[in-house]
Protein chains: 2
Amino acid sequence: MRIGELAKATGASVRALRYYEEQGLIDSDRSASGQRLYGPAAVEKVLWIRQLLAAGLPSRVILKLKKCDTDGKASPEELTVLEAERDRIDKLATDLITTRDRLDHVIANSTPDAAKARAH
Amino acid sequence: MRIGELAKATGASVRALRYYEEQGLIDSDRSASGQRLYGPAAVEKVLWIRQLLAAGLPSRVILKLKKCDTDGKASPEELTVLEAERDRIDKLATDLITTRDRLDHVIANSTPDAAKARAH
DNA sequence: TTTGCCTCTGACGTCAACGTCAGGTTTTAG
DNA sequence: CTAAAACCTGACGTTGACGTCAGAGGCAAA
């Protein structure tokens, strides 16, 4: 598949895909004329990258992760970084839940028919 | 308390606190010479703001939220925005959990003593 | 072959949440 | 009284993940 098709399949923009390649996060074959060509496995890879980006991992760290993934091994320092990221994500997730709950509470108090509840 | 003390109490930098004020997220009294003075309640307010920022809410949205909080009511459109943010946070949190799990899996496979497991 | 869309490589623009520096005033410790 | 530390207002710098534009070439249909 070409880059436009991969973009549609993943939700990433064409620019984003070129950026990922520029950062070393994905690879591509090239046609005789220089156009990028991807196998079907690229879809999953890009989706995974986007999940990690959404989780706040910078592309440098995702690059480490990719090496671990392909090599099946990591240096102790890299491993430390990855574990730190995992813990950060974990804390972030639980913090987000409490934030959502508080936000929900504020919304409830701002909802018109909450006047009754407050009046009580 | 003055701005430096509030910074230490909240973990925010002095610059960040001035930025929050600039965006209308917090208020401050001023001393005769123009220095910012805060009541003890400011600590909680700032911590809440930081939670929301960490959750990815832009300051514009946090400003809406502040108005709802002080007024105890919101316009329907504002309410829609806030509910959308809540849902976004909710989805983000669950996505983060699955991302962490996948990341954990990769880490396990990259750990030296995982060779045994793979060899099996 | 011409039309219209896709793709290419630079390269500059953007945006939010601050960091940082300059140049000056204020507060506090000794 | 003085020096260090904290504070003030601008204003410019930074960072990451792209958006956007320019100029040139590639590809399928009619």
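From a predicted model like this one, the values you see are computed outputs, not experimental measurements. Letters go in sequence order (proteins before strands), and every chain restarts at 1.
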For the pair made of NZ in Lys8(B) and C1' in dC7(D), what is the distance, rounded to whole Å?
14 Å
Just compare dA6(D), dC8(D), dC27(D) and give me whichever is closest to any side-chain atom of Ile3(B).
dC8(D)
Tyr19(B) OH to dG13(D) C1', in whole Å, measures 15 Å
Using a heavy-atom cut-off of 4.0 Å to chain A, what are the terminal contacting nucleotides of DNA chain C, in 5' to 3' order?
dC6(C) to dA11(C)
Arg30(B) CZ - dC7(D) P separation (whole Å)
12 Å
Figure out the CZ/P separation between Arg60(A) and dT15(D), and round it to whole Å.
11 Å
By nearest nucleotide on DNA chain C, pick out whichever of Ile62(B) and Ser31(B) is the more 5' one.
Ile62(B)
Base, sugar-phosphate or nothing for Ile49(B)? Non-hydrogen atoms, less than 4.0 Å.
nothing
Flag the pair Glu21(B) and Arg15(B) as a salt bridge only when some basic side-chain nitrogen lies within less than 4.0 angstrom of an acidic carboxylate oxygen.
no
Tell me what Ser13(A) touches on the nucleic acid: a base, only sugar-phosphate, or nothing, going by heavy atoms under 4.0 Å.
sugar-phosphate
Mind checking the CG-CD spacing from Leu103(B) to Gln51(A)? Nearest 0.5 Å is all I need.
11.5 Å
Over all strands shown, is Leu37(B) touching base, sugar-phosphate only, or nothing at heavy-atom distances under 4.0 angstrom?
nothing
A side-chain contact here means heavy atoms from C-beta on lying under 4.5 Å apart; do Asp104(A) and Glu83(B) qualify?
no
Counting only side-chain N and O atoms of Arg36(B), is one of them less than 4.0 Å from OP1 or OP2 of dT9(D)?
yes
Tell me: CZ of Arg15(B) to C1' of dC7(D), nearest whole Å?
14 Å
Which is more 5' along DNA chain D, the nucleotide nearest Gln23(A) or the one nearest Gln35(A)? Just name the residue.
Gln23(A)
In whole Å, what is the span from the OH atom of Tyr38(B) to the C1' atom of dC7(D)?
11 Å
Carboxylate-amine/guanidinium proximity below 4.0 Å for Glu5(A) and Arg2(A)
no
How many Å lie between CG on Leu17(B) and P on dA6(D), as a whole number?
15 Å
Basic-acidic side-chain contact under 4.0 Å: Asp27(A), Lys66(A)
yes
More than 12 heavy atoms of other residues, nucleotides or ligands under 6.0 Å from CZ of Arg60(B): yes or no?
no
Do Lys91(B) and Asp87(B) sit within salt-bridge range, that is, some charged N less than 4.0 Å from a carboxylate O?
no
Rounded interatomic separation in angstrom, taking CZ from Arg50(A) and P from dA17(D)
11 Å
At less than 4.0 Å, is any side-chain N or O atom of Ser59(A) found next to OP1 or OP2 of dA17(D)? Yes or no.
yes
Assign Arg18(B) to base, sugar-phosphate, or nothing according to its heavy-atom contacts below 4.0 angstrom with the strands shown.
base
